[in-house]
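Following: one structure in structure tokens, then a few remarks.
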Amino acid sequence: MSRQFIIKPESQTEIRELSPEFSKDLNEQQRRAVTWGAGPVLVVAGAGTGKTRTLVYRLAYLVETGVQPEHIVLLTFTRRAATEMLNRAALLLDGRCQRVQGGTFHAFCLGILKRYAPKIGFPSNFTLLDSSDSADVIDVLRSRLSTDVRGKRFPKKRTLQNMFSALRNRGMKLEDLLESSYPQFQEYAESIERLFQEYASFKKEQGLMDYDDLLVLTLMLFQSQPSVLREVATRCRYVLVDEYQDTNRAQALIVKALGSVHGNVMAVGDDAQSIYRFRGADQANILGFPQEWSSATVLKLEHNYRSTQSILDLANHILGSATKKYDKELFTEREKGDLPALVPAPDDRFESRFVSQMVLQMREQGVALNEMAVLFRNGHNSYDLEVELNRKNIPFVKYGGLKLSEAAHIKDVLAHLKVVENPKDTISWNRILQLLEGVGPKTAGRILEWLDADSDQPFALNERPYSAAYIDSLRGLFSILRRIHSANIPPAVQIELILEYYAPILRRAYSEDYPKREPDLEHFAGIASQFADRASLLESVALDPIDLTAIDVEPEENDEPPLVLSTIHSAKGLEFDTVFLIQALDGVMPSSYSVGSEEAVEEELRLMYVAVTRAENQLFISYPMIQYRRYEGQYFTKPSRFLAEVPAKLLEPCSLVEEASSSNELDSAVPTPELDEFLSQGLHPGTSDV
DNA sequence: ACAAGCAGTTTTTTT
DNA sequence: AACTGCTTGT
């Protein structure tokens, strides 16, 4: 070991008082967190207690007291959260924190790996796989398996991908994973294990990394190259981690590594809002932080500034049945406010009409559309409502659900770009070749064998026994690839060229609904034009898939800011004057997938808690009493078990009544004897009209 | 032998 | 809306 010289910190000798204009914005608990000196600390921040504000002021405070911005690392859950916090801190400081290292764990690790990849046997221009890319790779390997497992109930690519992901970021053994989560596949353990190995070596051979690799390979790098770790960790004088409750084991180890030199780690989170277990998040990270960092202090933020007392009462009640949590009780100094309403609707249509009419009514009363949100468990829970909103001309944006870059037609376009960027990308080659008429899986595979990806001219067609059936379209494809490859043209123009080439293919491949897909391509072209080069476009799309409907292509000046529709997961960290929680059904919340496991059900409970605590003033929870299923036809639903026992003084049962003038539609829609039975065992509608 | 078209099943949440 | 398996057509 080389000699070490200890030098004293430059500015940190005394922690200065917060300047007065800072401290007047903070309460006592927040101020303690903001002005925390050195050493590990966990800030348990309940919903609506000013967690973001605290982090922003913490950033500003550190910079203000002389810490160099590039020595601060801010790790967040989304890139949006990082930019927002850095911008807000910059406002407090006249822009002096631009150089804070910030972003998601994945983006941060990508930055490290780009620099050090050769040290762990990867090329420095490795390709990043997004989740559908990696599923495609797995599918290729899966289809190569011997026939004894094909055709039987061998897990599908997405299932395999989820298994592999769980193995990696939780550090589990396959045997245990199968036993606990996939007992039906235990007989295939050997083949799955082999596939897992093959997937890893395939990625290494081809220079590919998936999301989990970004985390796990960074850890491997740190482990095998202590000098790299020291170099990185030395620059991490202050590490701030947001949403700590949703970190997985690998991420917790990365935090541990980054803090290994200075130990100034501030983790901020709310154990009650841990909702990403399915992705490997481990609530044990936040619950065990004090043990992991032996000298850690725990600070709590409990003063809620967001919600009325009534909403908070309901939230506290819901959380009351959670078993694992830090003790904290949120309080507010706000008024009591209206009771949250529980609204059973006869069916989906009624529920949509209720929400849309209520939205209009609230708008009349002066609540802006973008101050209201409709939340739901699954991306597709809002389809019916979306139709209704369109019919009523109510503008909305939807967060969560399908990503733009996961739509098949966008993936087609992206595959062309990827092939130009990396001619060895056989997955993308397969995709674009099969778009040609007369080319299927077999032919595509054969053409690929004939191609020479290593040559200087990867997009030149050499002499091969191509069939006349597709040779013309193949020439067309290569001609467009050559044009994009050769000229140094901006990505926007490259996209234009591809779109021009792709337009007839789109019409042929999606002859039924191509008019719906064409606007997405324009939208994508608009986003792509903002990037300086192809590589950064592809990287950004992989790291942070674009919401399909979240951005208007060109937001017009006097457009009213739209109503927000969002999955509960995507609404994390947001707040709204009025919240509608729809489809609050058993089987949806909690999801029927979760009911086998107590832990999973408890996560669904926290999800309900997150949804409820988004609301500031008004909260409406609704569900349809009847739904339709393909073959069974109509069937009766059950309201969410989390709401079934809530006393009426916390959650007011309401009923929907059709206005007298518009006939008795309601009566005829509901078979009455069964309805009576349903109502007698469940909730009793009150008399409030809507 | 292989591609294309049709019918029926199945959909959580996301970096 | 996408994926799978089956049938038909080249």
Side-chain angles (χ1 to χ4, degrees), chain A residues 75-82 103-110 128-132 134-136 139 143 150-151 153-154 156-159 161-162 165 169 209-215 243 246-248 250-251 274-281 375-381 383 399-403 405-409 411 433-446 467-470 508-513 516-517 540-548 566-572 583 587-595 600 603-604 606-607 610-611 629-631:
Chain A
L75 293 167
T76 56
F77 197 68
T78 62
R79 292 166 125 194
R80 196 177 63 187
T104 61
F105 276 91
H106 293 90
F108 182 76
C109 290
L110 177 64
L128 186 55
L129 301 174
D130 72 17
S131 78
S132 61
S134 85
D136 287 343
D139 203 37
S143 62
R150 304 250 306 278
R153 297 169 142 247
F154 195 73
K156 304 276 182 285
K157 61 179 177 181
R158 282 285 173 186
T159 314
Q161 185 188 18
N162 288 337
S165 185
N169 55 34
M209 287 191 199
D210 62 21
Y211 287 143
D212 302 323
D213 289 324
L214 292 177
L215 306 177
E243 309 283 10
D246 283 322
T247 54
N248 61 34
Q251 288 166 323
S274 172
I275 53 175
Y276 280 88
R277 205 180 80 103
F278 69 93
R279 213 177 74 185
L375 305 182
F376 33 85
R377 175 66 177 81
N378 305 319
H380 59 246
N381 290 149
Y383 286 169
Y399 295 96
L402 250 186
K403 295 290 191 246
S405 47
E406 283 175 0
H409 46 297
K411 283 201 285 187
L433 287 172
Q434 288 184 55
L435 289 171
L436 304 176
E437 197 158 16
V439 179
K442 290 283 175 183
T443 314
R446 203 174 308 139
S467 149
Y470 56 77
R508 189 174 56 81
Y510 306 97
S511 52
E512 271 148 47
D513 63 350
K516 274 191 207 159
R517 293 172 187 258
S540 177
V541 168
L543 212 52
D544 192 12
I546 312 150
D547 281 307
L548 183 53
S566 176
T567 59
I568 299 170
H569 284 90
S570 297
K572 181 157 100 159
Q583 301 278 317
V588 176
M589 282 189 84
S591 155
S592 45
Y593 292 87
S594 71
V595 292
E603 172 146 310
E604 301 282 317
R606 294 193 294 266
L607 202 52
V610 169
R629 218 177 264 166
R630 257 159 261 272
Y631 299 106

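Since we're looking at a predicted model, the values are computed, not measured. Atom set for the values below is all heavy atoms of this structure, side chains included, hydrogens, waters and symmetry mates excluded.
Considering only the side chain of F278(A), dT14(B) comes nearest among dT12(B), dC3(C), dT14(B). When distances run from any side-chain atom of R377(A) to the nucleotides dT15(B), dA3(B), dT12(B), the shortest one goes to dT12(B). With dA1(C), dT14(B), dT12(B) as the choices, the nucleotide that has an atom nearest any side-chain atom of S591(A) turns out to be dT12(B). For E604(A), taking side-chain heavy atoms from C-beta onward, the closest of the listed nucleotides dA3(B), dT12(B), dT15(B) is dT12(B). Distances from the side chain of A408(A) to the nucleotides dA2(C), dT12(B), dA3(B) place dA2(C) closest.
The distance from atom CD of Q434(A) to atom P of dC3(C) is 12 Å, rounded to the nearest whole Å. Following rounding to the nearest Å, N381(A) (CG) and dA1(C) (C1') show an atom-to-atom distance of 16 Å. Rounding to whole angstrom units, CD of residue E437(A) and P of dG5(B) are separated by 8 Å. Atom OH in Y276(A) sits about 6 Å away from atom P in dT15(B), given to the nearest Å. Here the P atom of nucleotide dT14(B) and the CG atom of D130(A) are 14 Å apart, to the nearest Å. Protein atom CZ of R158(A) is 11 Å distant from nucleotide atom P of dT4(C), rounded to whole Å. In this structure, H569(A) places its NE2 atom 9 Å from P of dT13(B), rounding to the nearest Å. Across the protein-nucleic acid pair, Y383(A) atom OH and dA1(C) atom P stand 7 Å apart, rounded to whole Å.
Looking at residues two or more places apart in sequence or on another chain, you find no ring pair (Phe, Tyr, Trp, His ring centres under 6.0 Å) involving F376(A). Applying the side-chain hydrogen bond (donor to acceptor under 3.5 Å, both in side chains) criterion to E603(A), with sequence neighbours excluded, gives R606(A). Partners of N378(A) under the side-chain contact (heavy atoms from CB on, under 4.5 Å) rule, at least two apart in sequence or in another chain, are H380(A), N381(A), V588(A). In this view, R279(A) satisfies the side-chain hydrogen bond (donor to acceptor under 3.5 Å, both in side chains) rule with no residue, not counting sequence neighbours. Residues meeting the side-chain hydrogen bond (donor to acceptor under 3.5 Å, both in side chains) test with D212(A), sequence neighbours left out: S165(A), N169(A). For K411(A), the side-chain hydrogen bond (donor to acceptor under 3.5 Å, both in side chains) test picks out no residue, with sequence neighbours left out. Under the rule for a ring pair (Phe, Tyr, Trp, His ring centres under 6.0 Å), the partners of F77(A) that lie at least two apart in sequence or sit in another chain are Y276(A).
Note on T78(A): every side-chain N or O is 4.0 Å or more away from OP1 and OP2 of dT15(B). For T443(A), a side-chain nitrogen or oxygen approaches OP1 or OP2 of dA3(B) to under 4.0 Å. Look at Y593(A) and you'll find a side-chain N or O under 4.0 angstrom from OP1 or OP2 of dT11(B).
Listed by first residue number, the stems of DNA chain B with at least three Watson-Crick or G-U pairs below 3.5 Å are B:1-10 with C:1-10.
For the pair M589(A)/I568(A), a side-chain contact is recorded, criterion being any heavy-atom separation below 4.5 Å from C-beta on.
Across all strands shown, R517(A) has heavy atoms under 4.0 Å from sugar-phosphate atoms exclusively, and none from any base. Using a 4.0 Å heavy-atom criterion, one finds that R508(A) contacts no nucleic acid atom at all. Using a 4.0 Å heavy-atom cutoff across all strands shown, A469(A) reaches no nucleic acid atom at all. At the heavy-atom level, V588(A) lies nowhere under 4.0 Å from the strands shown. Among the atoms of the strands shown, none is found under 4.0 Å from any heavy atom of S594(A). No engagement by I275(A) is indicated, since no non-hydrogen atom pair under 4.0 Å with the nucleic acid exists.
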Taking it one step at a time, do T247(A) and L75(A) satisfy side-chain contact (heavy atoms from CB on, under 4.5 Å)?
CA-CA 10 Å; T247(A) 54; L75(A) 293 167; over 6 Å; no
Atom pairs under 3.5 Å, N or O on each side, protein against nucleotides 7-10 of chain C: can you list them with distances?
none

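Using a distance-only test at 3.5 Å, with no hydrogens or angles considered, no donor-acceptor pair links the side chain of Q434(A) to the main chain of A444(A). With hydrogens and angles disregarded, a donor-acceptor distance shorter than 3.5 Å links the side chain of D246(A) to the backbone of I275(A).
Take the nearest nucleotide of DNA chain B for H106(A) and for G438(A): the residue whose nucleotide is more 5' is G438(A).
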